[in-house]
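Heads up: the structure comes next, in structure tokens.
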2 protein chains.
Amino acid sequence: MSNPVDLLRAAGVRVTPGRVRSLEALQAATQPMSHADIESLLPDVDRVTLYRVLDSLVACGLALKAVDTRGVFRFSASGPHRQHDGHIHFRCTSCGGVSCLKAAPPPPPKLPRGFRLDAVEFDVRGTCAQCAGQSA
Amino acid sequence: MSNPVDLLRAAGVRVTPGRVRSLEALQAATQPMSHADIESLLPDVDRVTLYRVLDSLVACGLALKAVDTRGVFRFSASGPHRQHDGHIHFRCTSCGGVSCLKAAPPPPPKLPRGFRLDAVEFDVRGTCAQCAGQSA
DNA sequence: TTGCAAATACAACCAGGTTGCAAAATAAAG
DNA sequence: CTTTATTTTGCAACCTGGTTGTATTTGCAA
Ligand SMILES: [Mn+2]
Ligand SMILES: [Mn+2]
Ligand SMILES: [Zn+2]
Ligand SMILES: [Zn+2]
């Protein structure tokens, strides 16, 4: 069962409307969503509550949280999907949309002695086909 | 002549204390600085004025503006220096410091038809040697 | 059904950045 | 050295994305 209520129950967290609806939204999404994206889908969920709901979904393993290159958090359902992992993303600076690219992420660089690597991120920005077409 | 007043004069912009002092600060810096970095060096320059001063230096070619991976702008003097161009950078998540790495930036990926590339950025985060040592 | 821990709403706050506008400063012309 | 037109500055207000504190409400187990 991948319905939100059962997933939440199985994860051992309280089943609340905010969690159920946020998880539904994440499951329905085709791309990782920002807090603002989700908020516009669930206008009657309090802003701060939504931040905490999303973090709780991450904490219990039902969602993934990643920073995009603008430093904005993006959330996705982490079911059996395992999407968006072995490829990089393109961000349109005009519409803000994210597109999956076929390319693999670049390998992490060698660091000087004593340095510890936490994360690498490859940011690719530009104008998507739609936006480029409209302005032309 | 690479003194700020002459550079500003030669660039055809008005010579103001804020511009002179900001350009001095950028020239003295060993790394690209954020607005906050520069502000702490020039506490009596108005916050908004500093944003505009920095943008004016960029507009007249005396400074370079780049976004770091947290989406924060970083400014550097763009004299005959041409530093920080062919290599990538490491950001310490503990102290916020930036270190130059020897590695070259990864090549830009192929994009789907119609997409236009503006910029790529490789973000490498972790803990620097100093911070790693202190916590150990 | 009751009771307590967990979750929610609301207000306040923060960083980084932008906008509008009146007052002040630059630099050119007289 | 003044006058003047144009920039620049300072200040207040605002914006997005995010966090913290706390009183109230809710989930759910006993
Ligand atoms: Mn993807
Ligand atoms: Mn460098
Ligand atoms: Zn677009
Ligand atoms: Zn450090």
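Per chain, numbering begins at 1; letters A, B, ... match sequence-line order.
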Is [X] salt-bridged to [Y], cutoff N-O under 4.0 Å?
X: A:D44; Y: A:R21; value: yes
X: A:R52; Y: A:D46; value: no
X: B:R74; Y: B:D68; value: yes

Point to revise | Atom-pair distance (CZ on A:R19; P on C:dA6), nearest Å | key: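 Computing the A:R19:CZ to C:dA6:P distance gives 11 Å.
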Exercise for review: Quickly work out the A:D37 CG to D:dG17 C1' distance and round it to whole Å.
Suggested key: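 For the pair A:D37 CG and D:dG17 C1', the rounded distance is 12 Å.
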Practice item. Determine which nucleotide pairs with D:dA30, using a 3.5 Å limit on both distances of a Watson-Crick or G-U wobble pair. Key: C:dT1
Point to revise | Any residue of residues 47-60 of chain B with a heavy atom less than 4.0 Å from an atom of DNA chain C | key: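 Correct list: B:R47, B:V48, B:Y51, B:R52.
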Exercise for review: Select from A:V72 and B:D46 the residue whose nearest nucleotide in DNA chain D is closer to the 5' end of that strand.
Suggested key: B:D46
Study note, to complete from the structure: Letter by letter from the 5' end, nucleotides 24-30 of chain C scores (B base, S sugar-phosphate only, - none; protein heavy atoms under 4.0 Å) -BBS---
Exercise for review: Check whether any side-chain heavy atom of A:S22 lies under 4.5 Å from a side-chain heavy atom of A:L57, and answer yes or no.
Suggested key: yes
Review point. Same cluster or not: are A:V13 and A:L50 linked, directly or through other Ile, Leu, Val, Met, Phe, Trp or Tyr residues, by side-chain heavy atoms under 4.5 angstrom apart?
Key: yes
**Study point:** B:F73 six-ring face occupied by B:K65 cation (under 6.0 Å, within 45°)
**Key:** yes
